[in-house]
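Comments concern the structure below.
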Amino acid sequence: MRKKQTEKVTITDVAKAAGVSKTTVSRYLSGQYHALSDRTRTRIKAAIEQLNYRPNQLARGLKGDRSYLIGMIVADITNPYSTAVLRGAEDVCKRKGYSLMVCNTDNDPAKEREYIFTLQSHRIDGLLINTTGQNNGFLRELANDRTPVVLVDRKMPELGFDTIGLDNEQATSELVHFILNQGYKRIAYITEPLAGVSSRQERAAAFARELTRLGIPADDLYEVDLHSPESLMEKLDHFLTDTEGDKRAIIAANGVVMLKLISALQLKGVQIPGDVAVAGFDDPEWAPLIGSGITTVAQPTYQIGVTAMERIFNRLEGDTSPAQNIHFAGKLIVRGSTPAVD
């Protein structure tokens with residue numbers, strides 16, 4: 001039976017309902033599941049749900065010299081990549097009895113800096129960050145205070161932090177070779193500005209390298225400002241309206257670029273795949289729904305979030321091994337936007 005809303009449920013109540021000690025309940029709440037049997041964990045979980053128990057995080061943090069808060073700073077919360085990584089990270093936090101504070105920078109270094117300060121003021125126990133690369137000194141300062149920092153997607157080797165993300169060279173090479181094998185002779189690559197963002201740079205470099213290796217000019221690599229529709233339209237005009245007759249394809253550097261690209265092509269009356277083939281990175285839910293589906297390279301985004309957060313907790317639990325760079329392979333998903341050329 002649940003206590004009345006006016007009565008405060010305590011850890012003693014949970015221990016009594018589960019038939020265990022307060023210490024055992026504390027171990028459960030702090031995620032020390034290895035010290036508990038499956039039966040004990042089940043009983044404690046049932047008691048917590050039955051009593052609607054909510055731990056006092058402030059008191060818990062003061063007692064253990066921890067806040068039980070993890071910070072997560074993402075560069076673009078509207079990017080499906082960010083939300084999928086967030087889900088994986090959040091699930092690990094929940095399992096460990098921690099709360100996740102999420103901040104969105106819109107790729108603005110000033111906003112990122114303010115969020116780092118804000119999270120510091122909340123005494124976070126760790127930070128997951130999709131960094132702009134412009135606040136390295138503040139991130140080092142955070143790490144020097146023994147707060148684990150893990151980078152997601154974007155690398156900063158000079159910081160010496162664990163980094164989790166896609167194997168961009170493998171994924172890009174596989175996609176480029178697939179499109180060439182489908183018979184396309186001209187391939188454009190459209191990306192957001194490359195400066196300071198390692199994942200964008202790695203994919204663009206792999207694109208240019210693969211074409212050059214095969215003796216194909218890598219002239220159609222375009223950086224666009226997605227906040228300026230004219231920028232994308234101008235690049236599309238350059239790629240689509242010259243006099244060469246080779247069958248063409250366009251690769252979008254991520255899901256956000258791909259959505260903008262498809263919208264721009266529709267505005268111009270360009271048919272996919274009749275006039276141009278389209279493929280890209282990330283695999284948003286809408287990709288199978290556009291025409292006969294858009295060919296994509298899917299990232300294991302949920303697993304990236306899980307692995308990144310697990311690295312945070314490994315560090316919190318005393319892991320002092322050298323920084324790890326964990327790269328996941330992408331998965332090519334072929335759909336109707338890239339048919340073979342007759």
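Only a predicted model underlies this, so the values are computations on that prediction, with no experimental measurement involved.
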Please tell me if the side chains of Lys22 and Val25 come closer than 4.5 Å, counting only heavy atoms from C-beta onward.
no

So, taking the atom named CD in Gln324 and the one named CD1 in Ile326, what distance separates them when rounded to the nearest 0.5 Å?
4.5 Å

Going by heavy atoms in the side chains, are Val85 and Glu90 under 4.5 Å from each other?
no

Determine whether a donor-acceptor pair (N or O, by modelled atom type, separation under 3.5 Å) exists between the side chain of Asn168 and the backbone of Glu202.
no

Taking the side chain from Ser121 and the backbone from Thr118, do they hold a donor-acceptor pair closer than 3.5 Å?
yes

Is the shortest distance from a Lys or Arg side-chain nitrogen in Lys96 or Glu310 to a carboxylate oxygen in the other one below 4.0 Å?
no

Looking at Asp38 and Arg41, is any side-chain nitrogen of the basic one under 4.0 Å from a carboxylate oxygen of the acidic one?
yes

In this structure, would Val278 and Phe178 fall into the same cluster of hydrophobic residues linked by side-chain contacts under 4.5 Å?
no

Step through the shown structure and confirm whether more than 12 heavy atoms of other residues, nucleotides or ligands are within 6.0 Å of NZ on Lys268.
yes

With a 4.5 Å heavy-atom cut-off, do Thr163 and Arg154 have their side chains touching?
no

Interatomic distance, Met309 atom CE to Ile312 atom CD1 [nearest 0.5 angstrom]:
6.0 Å

Where do Leu128 and Ala308 come nearest, in terms of heavy atoms and distance?
CD1-O, 3.6 Å

Does Asn254 reach the side chain of Thr191, with side-chain heavy atoms less than 4.5 Å apart?
no

Go through the steps to decide whether Tyr98 and Phe313 satisfy the test ring-ring contact (aromatic ring centres under 6.0 Å, His included), and finish with yes or no.
CA-CA 10 Å; Tyr98 276 66; Phe313 284 106; 4.9 Å; yes

side-chain hydrogen bond (donor to acceptor under 3.5 Å, both in side chains) partners of Glu158, counting only residues at least two apart
Asn136

Ala206 backbone acceptor or donor facing Thr172 side chain under 3.5 Å
no

Do we see a donor-acceptor contact under 3.5 Å between the side chains of Ser21 and Thr24?
yes

Would you say Ser198's side chain and Lys155's backbone share a donor-acceptor pair under 3.5 angstrom?
yes

Any side-chain heavy-atom pair of Tyr28 and Thr40 under 4.5 Å
no

Are Glu112 and Thr132 close enough that a side-chain donor and a side-chain acceptor fall under 3.5 Å?
yes

If every non-hydrogen atom of Asn130 is compared with every non-hydrogen atom of Ala75, which pair is closest and at what distance?
OD1-CB, 3.2 Å

Using side-chain contact (heavy atoms from CB on, under 4.5 Å), reason through Ile124 and Gln120 one step at a time and then give a plain yes or no.
CA-CA 6 Å; Ile124 57 168; Gln120 276 184 305; 5.8 Å; no

So Leu139 and Thr131, side-chain contact (heavy atoms from CB on, under 4.5 Å) or not? Walk me through it.
CA-CA 10 Å; Leu139 293 176; Thr131 182; 4.1 Å; yes

Can you name the nearest heavy-atom pair linking Thr338 to Gln182, along with the distance?
O-NE2, 2.8 Å

More than 12 foreign heavy atoms under 6.0 Å from NZ of Lys111: is that the case here?
yes

Closest non-hydrogen atom pair, Ala218 against Thr212:
CB-OG1, 4.3 Å

Quick one: does Ser67's side chain have a donor or acceptor within less than 3.5 Å of a partner on Arg123's backbone?
yes

Do Asp282 and Pro80 come close enough that some side-chain heavy atom pair is under 4.5 Å?
no

Is the backbone of Ala143 close enough, under 3.5 Å, to the side chain of Thr147 for a donor and an acceptor to pair up by distance?
no

I need the Thr307 OG1 to Asp162 CG distance, nearest 0.5 Å.
11.0 Å

Pairwise side-chain contact, Val297 with Glu174, heavy-atom cut-off 4.5 Å (strictly under)
no

Charged tip of Arg248 within 45° of Tyr184 ring normal and under 6.0 Å:
no

Do the non-hydrogen side-chain atoms of Ile304 and Phe328 ever get within less than 4.5 Å of each other?
yes

Heavy-atom closest pair, residues Phe207 and Ile187
CZ-O, 3.4 Å

Do side-chain atoms of Gln201 reach the backbone of Leu194 as a donor and acceptor pair under 3.5 angstrom?
yes

Is it true that a side-chain atom of Arg335 and a backbone atom of Ala287 form a donor plus acceptor pair closer than 3.5 Å?
no

So CG of Asp153 and CD1 of Ile129: to nearest 0.5 Å the spacing works out to 12.0 Å

Donor-acceptor pair, distance only, cut-off 3.5 Å: does the side chain of Ser82 make one with the backbone of Val74?
no

Once you round to the nearest 0.5 Å, how far does CG of Leu265 lie from CG of Asp275?
9.0 Å

Do you know the tightest heavy-atom contact between Gly255 and Trp286?
O-CZ2, 3.9 Å

Hydrophobic clusters here meaning ILVMFWY residues chained together by side-chain heavy-atom distances under 4.5 Å, can you tell me if Met233 and Val276 are in one?
no

Report yes or no: is the cationic atom of Arg203 (NZ for Lys, CZ for Arg) closer than 6.0 Å to the six-membered ring centre of Tyr189, at no more than 45° off its axis?
no

Heavy atoms from other residues, nucleotides or ligands near NE2 of His177 exceed 12 (cutoff 6.0 Å)
yes

Asp13 and Thr10: side-chain donor and acceptor closer than 3.5 Å?
yes

Report the distance from atom CZ of Arg186 to atom CG of Asp220, rounding to the nearest 0.5 Å.
4.5 Å

Keeping Arg315 on the side-chain end and Ser321 on the backbone end, is there a donor-acceptor pair under 3.5 Å?
yes

